[in-house]
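Here is the structure we will look at.
Chain letters run A, B, ... following the sequence lines, proteins first and then strands; every chain starts at 1.
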Amino acid sequence: MSNVDVARVLVDLADLLEIQGANPFRVRAHRSGARTIETLAEPIAGLVEDPERSPEELSGIGKDLSEKIISIVLTGKLDQLDELREQVPAGVVAMLRIPGLGPKKVGVLFKDLGLESLDALEAAATEGAIAELKGFGAKTEQMILEGIGLARHGSTRTWLSTARVAVDRIVEDLSKLDSVTRVSLAGSSRRLKETVGDLDVLATVSEGVSSSDVMAALAGHELVDEVLAQGETKQRVRLLEREGGGLELDLRVVPEASYGAAMQYFTGSKEHNIVVRRRAQERGLKVNEYGVFSETDEDGPAVAGRTEEDVYQAVGLPWIPPELREDRGEFEMAESGRLPELVTVEDIRGDL
DNA sequence: GCCG
DNA sequence: CAGTACG
DNA sequence: CGGCCGTTACTG
(Lines give C-alpha, C1' and ligand atoms only; values in the text may rest on other atoms or scores of the structure.)
Protein backbone atom coordinates (compact mmCIF):
# COMPACT_ATOMS: atom_id res chain seq x y z
CA MET A 1 0.00 0.00 0.00
CA SER A 2 1.60 3.21 -1.17
CA ASN A 3 0.94 6.55 0.48
CA VAL A 4 -1.27 7.48 -2.46
CA ASP A 5 -3.31 4.28 -2.02
CA VAL A 6 -3.85 4.95 1.67
CA ALA A 7 -4.81 8.55 0.98
CA ARG A 8 -7.26 7.37 -1.66
CA VAL A 9 -9.09 5.18 0.84
CA LEU A 10 -9.47 8.13 3.23
CA VAL A 11 -10.71 10.42 0.44
CA ASP A 12 -13.27 7.85 -0.68
CA LEU A 13 -14.39 7.45 2.91
CA ALA A 14 -14.77 11.23 3.22
CA ASP A 15 -16.95 11.37 0.09
CA LEU A 16 -19.25 8.67 1.37
CA LEU A 17 -19.49 10.15 4.86
CA GLU A 18 -20.34 13.49 3.31
CA ILE A 19 -23.21 12.07 1.24
CA GLN A 20 -24.49 10.37 4.35
CA GLY A 21 -24.69 13.73 6.04
CA ALA A 22 -21.79 13.35 8.46
CA ASN A 23 -20.41 16.30 10.41
CA PRO A 24 -18.55 18.49 7.85
CA PHE A 25 -15.58 18.87 10.19
CA ARG A 26 -15.31 15.13 10.46
CA VAL A 27 -15.32 14.91 6.67
CA ARG A 28 -12.67 17.60 6.50
CA ALA A 29 -10.53 15.77 9.04
CA HIS A 30 -10.49 12.72 6.76
CA ARG A 31 -9.54 14.80 3.70
CA SER A 32 -6.86 16.60 5.65
CA GLY A 33 -5.48 13.30 6.91
CA ALA A 34 -5.42 11.97 3.36
CA ARG A 35 -3.46 15.00 2.24
CA THR A 36 -0.98 14.57 5.07
CA ILE A 37 -0.32 10.96 4.08
CA GLU A 38 -0.09 11.78 0.39
CA THR A 39 2.48 14.52 0.88
CA LEU A 40 4.49 12.64 3.48
CA ALA A 41 8.16 12.44 2.55
CA GLU A 42 8.49 8.81 3.68
CA PRO A 43 6.48 5.63 3.03
CA ILE A 44 3.58 5.43 5.50
CA ALA A 45 4.01 1.65 5.61
CA GLY A 46 7.48 2.05 7.10
CA LEU A 47 6.14 4.36 9.79
CA VAL A 48 3.35 1.92 10.65
CA GLU A 49 5.68 -1.05 10.85
CA ASP A 50 8.14 0.73 13.12
CA PRO A 51 7.17 -0.37 16.67
CA GLU A 52 8.55 2.89 18.06
CA ARG A 53 6.25 5.03 15.95
CA SER A 54 2.60 5.71 15.03
CA PRO A 55 0.66 7.83 12.52
CA GLU A 56 -0.55 9.79 15.55
CA GLU A 57 2.76 11.66 15.51
CA LEU A 58 1.57 13.44 12.36
CA SER A 59 -0.27 16.67 13.01
CA GLY A 60 -3.96 16.39 12.11
CA ILE A 61 -3.98 12.63 12.68
CA GLY A 62 -5.37 11.45 15.98
CA LYS A 63 -6.36 8.16 17.53
CA ASP A 64 -9.20 7.33 15.12
CA LEU A 65 -7.50 8.16 11.86
CA SER A 66 -4.33 6.48 13.08
CA GLU A 67 -6.19 3.21 13.67
CA LYS A 68 -7.79 3.45 10.24
CA ILE A 69 -4.44 4.08 8.57
CA ILE A 70 -2.84 1.14 10.38
CA SER A 71 -5.68 -1.13 9.27
CA ILE A 72 -5.34 0.03 5.65
CA VAL A 73 -1.60 -0.55 5.61
CA LEU A 74 -1.74 -3.96 7.29
CA THR A 75 -4.83 -5.46 5.61
CA GLY A 76 -5.10 -3.42 2.42
CA LYS A 77 -8.66 -2.44 3.19
CA LEU A 78 -10.96 -0.67 5.62
CA ASP A 79 -14.12 -2.39 6.85
CA GLN A 80 -15.93 0.91 7.40
CA LEU A 81 -15.34 1.87 3.75
CA ASP A 82 -16.63 -1.47 2.46
CA GLU A 83 -19.78 -1.12 4.56
CA LEU A 84 -20.46 2.40 3.33
CA ARG A 85 -19.90 1.33 -0.27
CA GLU A 86 -22.72 -1.16 0.11
CA GLN A 87 -25.01 1.62 1.27
CA VAL A 88 -24.01 4.25 -1.29
CA PRO A 89 -23.58 3.18 -4.95
CA ALA A 90 -20.54 4.41 -6.88
CA GLY A 91 -22.80 6.24 -9.30
CA VAL A 92 -24.03 8.45 -6.48
CA VAL A 93 -20.47 9.44 -5.60
CA ALA A 94 -19.90 10.25 -9.29
CA MET A 95 -22.72 12.79 -9.10
CA LEU A 96 -20.53 14.91 -6.80
CA ARG A 97 -18.36 15.70 -9.81
CA ILE A 98 -21.18 17.66 -11.43
CA PRO A 99 -20.51 21.36 -10.79
CA GLY A 100 -23.25 22.79 -8.59
CA LEU A 101 -24.15 19.45 -7.03
CA GLY A 102 -22.85 18.99 -3.52
CA PRO A 103 -23.38 16.29 -0.92
CA LYS A 104 -26.76 17.56 0.28
CA LYS A 105 -28.40 17.63 -3.11
CA VAL A 106 -26.83 14.34 -4.16
CA GLY A 107 -28.19 12.82 -0.96
CA VAL A 108 -31.69 14.02 -1.86
CA LEU A 109 -31.42 12.63 -5.41
CA PHE A 110 -30.37 9.27 -4.02
CA LYS A 111 -32.81 9.01 -1.12
CA ASP A 112 -35.88 10.70 -2.55
CA LEU A 113 -35.66 9.75 -6.21
CA GLY A 114 -33.67 6.55 -5.78
CA LEU A 115 -31.16 7.62 -8.44
CA GLU A 116 -28.07 5.41 -8.33
CA SER A 117 -26.20 6.25 -11.53
CA LEU A 118 -25.35 9.11 -13.86
CA ASP A 119 -27.51 7.48 -16.53
CA ALA A 120 -30.52 7.40 -14.20
CA LEU A 121 -29.85 11.01 -13.21
CA GLU A 122 -29.70 12.10 -16.84
CA ALA A 123 -32.96 10.32 -17.63
CA ALA A 124 -34.70 11.93 -14.65
CA ALA A 125 -33.43 15.38 -15.61
CA THR A 126 -34.50 14.92 -19.23
CA GLU A 127 -38.00 14.00 -18.10
CA GLY A 128 -38.16 17.09 -15.91
CA ALA A 129 -38.41 15.11 -12.69
CA ILE A 130 -35.59 17.01 -10.99
CA ALA A 131 -37.17 20.44 -11.20
CA GLU A 132 -40.09 19.24 -9.11
CA LEU A 133 -37.96 18.31 -6.12
CA LYS A 134 -37.83 20.72 -3.19
CA GLY A 135 -34.68 22.82 -3.32
CA PHE A 136 -34.26 22.11 -7.03
CA GLY A 137 -35.61 24.02 -10.01
CA ALA A 138 -35.41 24.39 -13.76
CA LYS A 139 -31.96 25.99 -13.56
CA THR A 140 -30.57 23.21 -11.39
CA GLU A 141 -31.95 20.66 -13.80
CA GLN A 142 -30.32 22.41 -16.73
CA MET A 143 -27.07 22.64 -14.79
CA ILE A 144 -27.16 18.89 -14.20
CA LEU A 145 -27.68 18.13 -17.88
CA GLU A 146 -24.80 20.39 -18.83
CA GLY A 147 -22.47 19.01 -16.18
CA ILE A 148 -23.17 15.33 -16.55
CA GLY A 149 -20.64 14.96 -19.35
CA LEU A 150 -17.92 16.33 -17.08
CA ALA A 151 -18.80 13.79 -14.42
CA ARG A 152 -18.59 10.93 -16.94
CA HIS A 153 -15.32 12.18 -18.34
CA GLY A 154 -13.65 12.57 -14.96
CA SER A 155 -11.60 15.57 -13.98
CA THR A 156 -10.77 18.06 -16.69
CA ARG A 157 -7.59 19.91 -15.97
CA THR A 158 -5.64 21.81 -18.59
CA TRP A 159 -1.88 22.01 -19.04
CA LEU A 160 -0.59 25.34 -17.79
CA SER A 161 1.23 25.93 -21.08
CA THR A 162 -2.07 25.63 -22.98
CA ALA A 163 -4.02 27.77 -20.56
CA ARG A 164 -1.38 30.51 -20.51
CA VAL A 165 -1.74 31.16 -24.21
CA ALA A 166 -5.34 32.22 -23.70
CA VAL A 167 -5.06 33.94 -20.35
CA ASP A 168 -1.99 35.97 -21.28
CA ARG A 169 -3.90 37.51 -24.15
CA ILE A 170 -6.83 38.34 -21.90
CA VAL A 171 -4.60 39.89 -19.23
CA GLU A 172 -2.86 41.95 -21.88
CA ASP A 173 -6.10 43.19 -23.44
CA LEU A 174 -7.75 44.06 -20.13
CA SER A 175 -4.62 45.96 -19.09
CA LYS A 176 -5.17 48.41 -21.94
CA LEU A 177 -8.47 49.64 -20.47
CA ASP A 178 -8.47 53.15 -19.04
CA SER A 179 -10.66 52.10 -16.13
CA VAL A 180 -8.21 49.55 -14.69
CA THR A 181 -4.96 50.27 -12.90
CA ARG A 182 -3.57 46.76 -13.16
CA VAL A 183 -4.44 43.24 -14.21
CA SER A 184 -2.67 40.21 -12.76
CA LEU A 185 -2.71 36.47 -13.04
CA ALA A 186 -3.60 34.68 -9.79
CA GLY A 187 -4.73 31.21 -8.72
CA SER A 188 -2.99 27.96 -9.53
CA SER A 189 -1.58 29.38 -12.74
CA ARG A 190 0.33 31.96 -10.68
CA ARG A 191 1.48 29.16 -8.39
CA LEU A 192 2.83 27.50 -11.54
CA LYS A 193 1.01 24.22 -11.03
CA GLU A 194 1.52 21.88 -13.98
CA THR A 195 -2.20 21.79 -14.71
CA VAL A 196 -4.96 24.22 -13.86
CA GLY A 197 -8.65 23.58 -13.21
CA ASP A 198 -9.64 27.13 -14.06
CA LEU A 199 -8.05 30.54 -14.52
CA ASP A 200 -8.02 33.41 -12.07
CA VAL A 201 -7.49 37.01 -13.02
CA LEU A 202 -7.43 39.99 -10.68
CA ALA A 203 -8.05 43.55 -11.84
CA THR A 204 -7.80 46.68 -9.74
CA VAL A 205 -9.61 49.93 -10.35
CA SER A 206 -9.04 53.32 -8.73
CA GLU A 207 -11.11 54.09 -5.65
CA GLY A 208 -14.68 54.80 -6.62
CA VAL A 209 -14.41 53.50 -10.17
CA SER A 210 -17.03 50.96 -11.22
CA SER A 211 -16.13 47.40 -12.12
CA SER A 212 -18.61 47.27 -14.98
CA ASP A 213 -16.14 48.45 -17.63
CA VAL A 214 -13.71 45.58 -17.06
CA MET A 215 -16.49 43.04 -16.88
CA ALA A 216 -18.07 44.29 -20.07
CA ALA A 217 -14.68 44.12 -21.78
CA LEU A 218 -14.14 40.54 -20.66
CA ALA A 219 -17.66 39.53 -21.62
CA GLY A 220 -17.04 40.89 -25.10
CA HIS A 221 -13.53 39.47 -25.46
CA GLU A 222 -12.88 37.37 -28.55
CA LEU A 223 -11.77 34.37 -26.48
CA VAL A 224 -14.86 34.38 -24.26
CA ASP A 225 -17.76 32.11 -25.10
CA GLU A 226 -20.32 32.98 -22.42
CA VAL A 227 -20.78 34.67 -19.06
CA LEU A 228 -21.65 32.08 -16.41
CA ALA A 229 -22.18 34.37 -13.45
CA GLN A 230 -21.70 38.01 -12.70
CA GLY A 231 -21.90 40.24 -9.68
CA GLU A 232 -20.47 43.53 -8.42
CA THR A 233 -16.95 42.25 -7.82
CA LYS A 234 -16.88 38.85 -9.46
CA GLN A 235 -17.45 37.45 -12.92
CA ARG A 236 -17.10 33.90 -14.19
CA VAL A 237 -16.86 33.18 -17.92
CA ARG A 238 -16.28 30.17 -20.14
CA LEU A 239 -13.59 30.48 -22.79
CA LEU A 240 -14.11 29.33 -26.35
CA GLU A 241 -13.76 25.60 -26.86
CA ARG A 242 -10.49 25.59 -28.80
CA GLU A 243 -8.11 27.28 -26.34
CA GLY A 244 -7.93 24.50 -23.80
CA GLY A 245 -11.39 23.06 -24.08
CA GLY A 246 -13.99 25.33 -22.50
CA LEU A 247 -11.77 26.50 -19.69
CA GLU A 248 -13.49 28.71 -17.12
CA LEU A 249 -12.05 31.99 -15.95
CA ASP A 250 -12.80 33.97 -12.79
CA LEU A 251 -12.30 37.70 -12.84
CA ARG A 252 -12.28 39.66 -9.58
CA VAL A 253 -12.25 43.41 -9.43
CA VAL A 254 -11.14 45.19 -6.26
CA PRO A 255 -10.05 48.72 -5.33
CA GLU A 256 -6.35 49.53 -5.62
CA ALA A 257 -5.88 49.59 -1.84
CA SER A 258 -6.91 45.93 -1.65
CA TYR A 259 -4.51 44.70 -4.30
CA GLY A 260 -2.16 42.84 -1.97
CA ALA A 261 -4.90 41.22 0.07
CA ALA A 262 -6.81 40.23 -3.05
CA MET A 263 -3.72 38.77 -4.72
CA GLN A 264 -2.90 36.83 -1.57
CA TYR A 265 -6.43 35.49 -1.31
CA PHE A 266 -6.90 34.80 -5.00
CA THR A 267 -3.55 33.07 -5.43
CA GLY A 268 -4.32 30.49 -2.75
CA SER A 269 -4.01 27.65 -2.30
CA LYS A 270 -7.10 27.19 -0.20
CA GLU A 271 -5.12 25.25 2.41
CA HIS A 272 -2.46 27.97 2.50
CA ASN A 273 -5.10 30.69 2.93
CA ILE A 274 -6.73 28.90 5.83
CA VAL A 275 -3.44 28.89 7.71
CA VAL A 276 -2.84 32.57 6.94
CA ARG A 277 -6.28 33.45 8.28
CA ARG A 278 -5.85 31.32 11.35
CA ARG A 279 -2.56 33.06 12.10
CA ALA A 280 -4.39 36.37 11.77
CA GLN A 281 -7.01 35.26 14.28
CA GLU A 282 -4.28 34.29 16.73
CA ARG A 283 -3.01 37.87 16.48
CA GLY A 284 -6.41 39.50 16.96
CA LEU A 285 -6.66 40.22 13.25
CA LYS A 286 -9.00 39.30 10.45
CA VAL A 287 -7.82 38.71 6.88
CA ASN A 288 -10.11 38.85 3.89
CA GLU A 289 -9.63 39.72 0.24
CA TYR A 290 -9.99 43.42 1.00
CA GLY A 291 -7.30 43.72 3.62
CA VAL A 292 -6.14 42.90 7.11
CA PHE A 293 -8.33 44.34 9.84
CA SER A 294 -8.41 44.49 13.59
CA GLU A 295 -10.80 41.90 15.00
CA THR A 296 -12.15 44.43 17.48
CA ASP A 297 -12.57 47.18 14.91
CA GLU A 298 -13.64 45.37 11.76
CA ASP A 299 -14.98 48.50 10.12
CA GLY A 300 -11.91 50.51 10.94
CA PRO A 301 -9.06 51.20 8.55
CA ALA A 302 -7.13 48.25 7.14
CA VAL A 303 -3.96 47.35 9.00
CA ALA A 304 -2.50 46.01 5.75
CA GLY A 305 -3.55 44.92 2.28
CA ARG A 306 -1.97 47.17 -0.32
CA THR A 307 0.80 44.67 -1.06
CA GLU A 308 1.20 40.95 -0.42
CA GLU A 309 4.29 41.71 1.64
CA ASP A 310 2.35 43.72 4.19
CA VAL A 311 -0.34 41.04 4.43
CA TYR A 312 2.27 38.41 5.28
CA GLN A 313 4.07 40.83 7.58
CA ALA A 314 0.84 41.41 9.50
CA VAL A 315 0.67 37.71 10.34
CA GLY A 316 4.34 37.56 11.28
CA LEU A 317 5.78 36.12 8.09
CA PRO A 318 8.05 37.10 5.23
CA TRP A 319 6.53 37.11 1.75
CA ILE A 320 6.14 33.52 0.56
CA PRO A 321 6.66 32.73 -3.15
CA PRO A 322 3.42 31.56 -4.84
CA GLU A 323 5.01 28.27 -5.91
CA LEU A 324 5.31 27.26 -2.25
CA ARG A 325 1.81 28.21 -1.09
CA GLU A 326 0.37 24.75 -0.53
CA ASP A 327 0.55 24.34 3.26
CA ARG A 328 3.23 21.76 2.74
CA GLY A 329 5.82 23.09 5.12
CA GLU A 330 6.26 26.63 3.82
CA PHE A 331 5.04 28.20 7.07
CA GLU A 332 7.68 26.42 9.12
CA MET A 333 10.31 27.48 6.58
CA ALA A 334 9.10 31.08 6.55
CA GLU A 335 8.89 31.22 10.34
CA SER A 336 12.51 30.13 10.72
CA GLY A 337 13.76 32.27 7.85
CA ARG A 338 14.68 29.21 5.80
CA LEU A 339 12.58 29.74 2.70
CA PRO A 340 14.47 28.22 -0.23
CA GLU A 341 15.74 30.24 -3.14
CA LEU A 342 13.70 28.96 -6.07
CA VAL A 343 15.16 27.98 -9.40
CA THR A 344 14.50 30.55 -12.12
CA VAL A 345 14.73 30.44 -15.89
CA GLU A 346 18.02 32.35 -15.60
CA ASP A 347 19.50 29.45 -13.65
CA ILE A 348 19.05 27.09 -16.56
CA ARG A 349 22.09 26.56 -18.75
CA GLY A 350 22.07 24.68 -22.01
CA ASP A 351 20.43 24.55 -25.39
CA LEU A 352 16.73 25.19 -25.17
C1' DG B 1 -12.70 13.98 12.88
C1' DC B 2 -8.56 16.91 15.59
C1' DC B 3 -6.89 20.18 18.72
C1' DG B 4 -6.04 23.14 22.91
C1' DC C 1 -32.59 31.23 4.54
C1' DA C 2 -29.68 26.78 3.05
C1' DG C 3 -26.83 24.89 -0.31
C1' DT C 4 -23.05 25.36 -3.53
C1' DA C 5 -18.72 27.29 -5.10
C1' DC C 6 -14.29 30.38 -4.74
C1' DG C 7 -9.17 30.83 -2.88
C1' DC D 1 -15.69 20.34 26.05
C1' DG D 2 -16.22 24.05 22.19
C1' DG D 3 -14.32 25.76 17.92
C1' DC D 4 -12.92 24.62 13.51
C1' DC D 5 -11.41 30.75 7.36
C1' DG D 6 -14.02 34.38 5.26
C1' DT D 7 -16.43 36.08 1.55
C1' DT D 8 -19.42 36.83 -2.72
C1' DA D 9 -22.66 35.21 -5.98
C1' DC D 10 -26.26 32.57 -7.44
C1' DT D 11 -30.42 29.42 -6.93
C1' DG D 12 -34.72 28.02 -4.99
Under 4.0 angstrom, heavy atoms only, what part of the nucleic acid is [X] near: base, sugar-phosphate, or nothing?
X: A/Tyr265; answer: base
X: A/Ala261; answer: nothing
X: A/Gln281; answer: sugar-phosphate
X: A/Lys270; answer: base
X: A/Glu232; answer: sugar-phosphate
X: A/Lys134; answer: nothing
X: A/Ser188; answer: nothing
X: A/Arg191; answer: sugar-phosphate
X: A/Val287; answer: sugar-phosphate
X: A/Asn288; answer: sugar-phosphate

Rounded to whole angstroms, how far apart are [atom1] on [X] and [atom2] on [N]?
X: A/Leu133; N: D/dT11; atom1: CG; atom2: P; result: 18 Å
X: A/Asp198; N: C/dC6; atom1: CG; atom2: P; result: 7 Å
X: A/Arg278; N: D/dC4; atom1: CZ; atom2: P; result: 11 Å
X: A/Glu289; N: D/dT7; atom1: CD; atom2: C1'; result: 5 Å
X: A/Glu141; N: C/dG3; atom1: CD; atom2: P; result: 21 Å
X: A/His272; N: D/dG6; atom1: NE2; atom2: P; result: 15 Å
X: A/Arg277; N: D/dT7; atom1: CZ; atom2: P; result: 7 Å
X: A/Ile98; N: C/dA5; atom1: CD1; atom2: P; result: 10 Å

Taking atom types as modelled, find out whether [X] and [Y] have a side-chain donor-acceptor pair closer than 3.5 angstrom.
X: A/Arg190; Y: A/Thr267; result: yes
X: A/Lys286; Y: A/Gln281; result: no
X: A/His272; Y: A/Glu330; result: yes
X: A/Glu256; Y: A/Ser206; result: no

Quick one: closest heavy-atom pair of A/Ala217 and A/Leu174, and the distance?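 Nearest pair, atom of A/Ala217 first, then A/Leu174: CB-CD2, 3.9 Å.
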If you compare all heavy atoms of A/Ala304 against all heavy atoms of A/Val311, which two are closest, and at what distance to 0.1 Å?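 It is CB-N, 4.2 Å.
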Looking at [N], I'd like to know if its phosphate oxygens (OP1 or OP2) sit under 4.0 Å from a side-chain N or O belonging to [X].
X: A/Thr140; N: D/dG12; answer: yes
X: A/Arg252; N: D/dT8; answer: no
X: A/Tyr290; N: D/dG6; answer: no

For A/Gln264 and A/Glu308, indicate whether the former's side chain and the latter's backbone hold a donor-acceptor pair under 3.5 Å.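 No, A/Gln264 side chain to A/Glu308 backbone: no donor-acceptor pair under 3.5 Å.
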Any donor-acceptor pair under 3.5 Å linking the side chain of A/Ser184 with the backbone of A/Val201?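 No: the side chain of A/Ser184 does not pair with the backbone of A/Val201.
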Can A/Glu42 and A/Arg53 be said to form a salt bridge (charged side-chain N to carboxylate O under 4.0 Å, His left out), step by step? CA-CA 13 Å; A/Glu42 60 175 320; A/Arg53 305 177 64 195; 2.9 Å; yes
Verify same cluster id: A/Val227, A/Met215 (apolar side-chain graph, 4.5 Å):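 A/Val227 and A/Met215: one cluster.
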Does A/Val106 belong to the same Ile/Leu/Val/Met/Phe/Trp/Tyr cluster as A/Leu115, with side-chain heavy atoms less than 4.5 Å apart forming each link?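 Yes: a chain of side-chain contacts under 4.5 Å links A/Val106 to A/Leu115.
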Among residues 5-41 of chain A, which contact DNA chain C at a heavy-atom distance under 4.0 Å?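 Going residue by residue through residues 5-41 of chain A, none turns out to have a heavy atom under 4.0 Å of DNA chain C.
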A/Tyr259 six-ring face occupied by A/Arg306 cation (under 6.0 Å, within 45°):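 Because its charged atom misses either the 6.0 Å distance or the 45° angle limit, A/Arg306 does not stack over A/Tyr259.
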Given the structure, check if the side chain of A/Lys234 and the base of D/dT8 hold any donor-acceptor pair shorter than 3.5 Å.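 When only heavy-atom distances are counted, A/Lys234 does reach the base of D/dT8 through a donor-acceptor pair under 3.5 Å.
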Whole-Å [atom1] distance, [N] and [M]:
N: D/dT7; M: C/dC1; atom1: P; answer: 16 Å
N: B/dC3; M: D/dC5; atom1: P; answer: 14 Å
N: C/dG7; M: D/dC4; atom1: P; answer: 23 Å

Specify the residues of residues 104-119 of chain A, ordered by number, for which at least one heavy atom lies under 4.0 angstrom from an atom of DNA chain B.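 Under 4.0 Å from DNA chain B: no residue of residues 104-119 of chain A.
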Treat a base pair as Watson-Crick or G-U wobble with both distances under 3.5 Å, then lay out DNA chain C in dot-bracket form, 5' to 3', with | for cross-strand pairs. |||||||
Are A/Ile44 and A/Val48 packed together at the side-chain level, in the sense that at least one heavy-atom pair is separated by less than 4.5 angstrom?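 Counting from C-beta outward, A/Ile44 and A/Val48 do come under 4.5 Å.
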May I have the step-by-step check of side chain to side chain contact (heavy atoms under 4.5 Å, CB included) for A/Val205 and A/Thr181, ending in yes or no? CA-CA 5 Å; A/Val205 292; A/Thr181 45; 5.5 Å; no
